[in-house]
Amino acid sequence: MSQLGEFELIERFFHRSGKTAPGVALGIGDDCALLAPTAGQQLAVSSDMLVEGRHFLSTVAPERLGHKALAVNLSDLAACGARPLAFTLALALPRPDAAWLEGFARGLFALADAHGCALVGGDTTAGPLNLCITVFGEVPPGQALRRSGARVGDELWVSGTPGEARLALEVFRGTLSLPQAAFERVRARMETPTPRVALGLALRGIASACADVSDGLAGDLGHILTASGVGACIDAATATSLLAKPDQLALGYGEIPPEKRLEWVLAGGDDYELVFTAPAAAHGAVLRAAQAAGTPVTCIGTIEAAPGLRLRAADGHVRPCPYGGFDHFA
Ligand code: ADP
Ligand code: MG
């Protein structure tokens, strides 16, 4: 079989002529793509890189990797309350493996199509496996969710079930064992995270600050606290309960010690949930927005004036949060 060339590869796996999207005036094939966002809206732009061995295991199915590479980028648009428009893909591949590329493209485009987000360009080169996606979204001026808007007295919320992706990592490391059905669930959470785009859009005008959780809840919340010049206190029992919901207990999560559950909820990593704040008066509006978006949310604490992150135990005892975020260079 003859070796796949660079341009043949792009043509065969990434160039889907006929597939056009609103907001895209010119897609793959020219020196630049041309985007045509809705008049008056701002472009929201974000890049995320996935490096083999650091962000994913070499054993991951290519279809799941295609999903995840785009999902982590859409998660950034979600955190800003932006609507996805288009993305570019810069790809370094050790060799042009058609079966791998086919799986990768399938996972990538399934998620892209679900969000009406078109692949409009990129770059392809030989090299150690490395994926970099840049996403473009749109948001009306003044409506983007920012990290800097949290105010004293606001409630602190998180979407979904932070910590589940970490359970999968612990199983892969051999430091945790879970029944098969539980492992399949947490593995899917790690390998095919759901970007909370609908929730981000629904929280426009309601949330005072928002970030997505990629490096652990405590760490990413820390960015909101720093940017907003405030502190926060998390209810430890509520946070722990995010890994002890009835359906999770039915799958065998009950075997995990509560202190580990708390640690993994707060510092698990790879969650791609949204952590956000909103005025207490907007409690009902947050719940309605979450319901409309089909995404569960939990109020886990409050924003306070004293800087730093604290945990409140059931008996009222308050201690500094011992968990931080993940730092690639620490
Ligand atoms: P240039 O030389 O101008 O960088 P290339 O010859 O590398 O352009 O790429 C040709 C076309 O294919 C361009 O429109 C580019 O955006 C697109 N392209 C290259 N690699 C990818 C990829 N991995 N996914 C999508 N489009 C790509
Ligand atoms: Mg090029």
Side-chain angles (χ1 to χ4, degrees), residues 1-38 42-78 82-138 191-195 197 214 272:
M1 202 174 84
S2 69
Q3 170 105 338
L4 252 177
E6 176 185 339
F7 299 103
E8 189 191 345
L9 181 162
I10 297 166
E11 202 50 40
R12 181 160 155 204
F13 297 104
F14 298 115
H15 190 186
R16 301 193 301 167
S17 48
K19 274 263 177 189
T20 52
V24 177
L26 180 65
I28 291 177
D30 232 296
D31 290 300
C32 288
L34 298 174
L35 301 184
T38 308
Q42 293 179 332
L43 265 188
V45 182
S46 180
S47 295
D48 255 309
M49 187 155 67
L50 294 187
V51 176
E52 180 171 14
R54 179 143 283 266
H55 300 96
F56 61 91
L57 306 169
S58 57
T59 49
V60 67
E63 185 166 358
R64 290 184 159 205
L65 189 59
H67 173 105
K68 183 162 181 177
L70 181 58
V72 304
N73 279 276
L74 291 175
S75 178
D76 286 316
L77 290 183
R83 185 180 301 285
L85 276 182
F87 67 105
T88 60
L89 168 67
L91 190 61
L93 287 174
R95 65 198 157 270
D97 178 335
W100 189 92
L101 281 158
E102 198 197 306
F104 178 82
R106 201 179 326 117
L108 181 81
F109 286 125
L111 185 65
D113 291 348
H115 289 275
C117 190
L119 177 59
V120 295
D123 199 23
T124 306
T125 172
L129 186 55
N130 188 340
L131 311 158
C132 183
I133 286 181
T134 297
V135 276
F136 303 86
E138 61 180 25
E191 295 181 346
T192 54
T194 304
V197 174
S214 50
Y272 302 102

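Indexing begins at 1, ligand by ligand and atom by atom, following the structure's order.
Every atom of ligand 1 is numbered from 1 in the order shown, and the set under 4.0 Å from a heavy atom of Asp31 is 3 (O). Within ligand 1, the atoms closer than 4.0 Å to a non-hydrogen atom of Ile28 are 12 (O), 14 (O), 17 (C), 25 (C), 26 (N), numbered from 1 in the order shown. If you number the atoms of ligand 1 from 1 as listed, the ones under 4.0 Å from a heavy atom of Asp123 come out as 7 (O), 19 (C), 20 (N), 21 (C), 23 (N). Listed by number with element, the atoms of ligand 1 under 4.0 Å from a non-hydrogen atom of Phe7 are 6 (O). Residue Gly121 has at least one heavy-atom neighbour below 4.0 Å for each of these atoms of ligand 1: 16 (O), 24 (N), 25 (C), 26 (N), 27 (C).
Around atom 14 (O) of ligand 1, the closest heavy atom drawn from Thr124, Asp30, Leu119 belongs to Asp30.
Of the polar atoms of Val120, none of the N or O atoms is found under 3.5 Å from an N or O of ligand 1, judged by distance alone. In terms of polar-atom proximity, defined here as any N/O pair under 3.5 Å, Gly29 does make such a contact with ligand 1.
Residues passing the ring-ring contact (aromatic ring centres under 6.0 Å, His included) test with Tyr272: none are found, sequence neighbours excluded. In terms of the side chain to side chain contact (heavy atoms under 4.5 Å, CB included) criterion, residue partners of Pro62 (sequence neighbours excluded) are, by chain and number, Trp100, Phe104.
Using a 4.0 Å cut-off between heavy atoms, Ile10 contacts ligand 1 through its side chain alone, with no backbone atom that close.
Between Leu85 and Pro37, some side-chain heavy-atom pair lies under the 4.5 Å cut-off.
Heavy-atom minimum distance, Val24 versus Ala118: CG2-CB, 4.1 Å.
For Arg64, the CZ atom counts as densely surrounded, since its 6.0 Å shell holds more than 12 non-hydrogen atoms of other residues, nucleotides or ligands.
The residues Arg106 and Glu63 are annotated as salt-bridged, a charged nitrogen and a carboxylate oxygen being separated by less than 4.0 angstrom. Between Asp48 and Lys68 there is no salt bridge, since no side-chain N of the basic residue sits under 4.0 Å from a carboxylate O of the acidic one.
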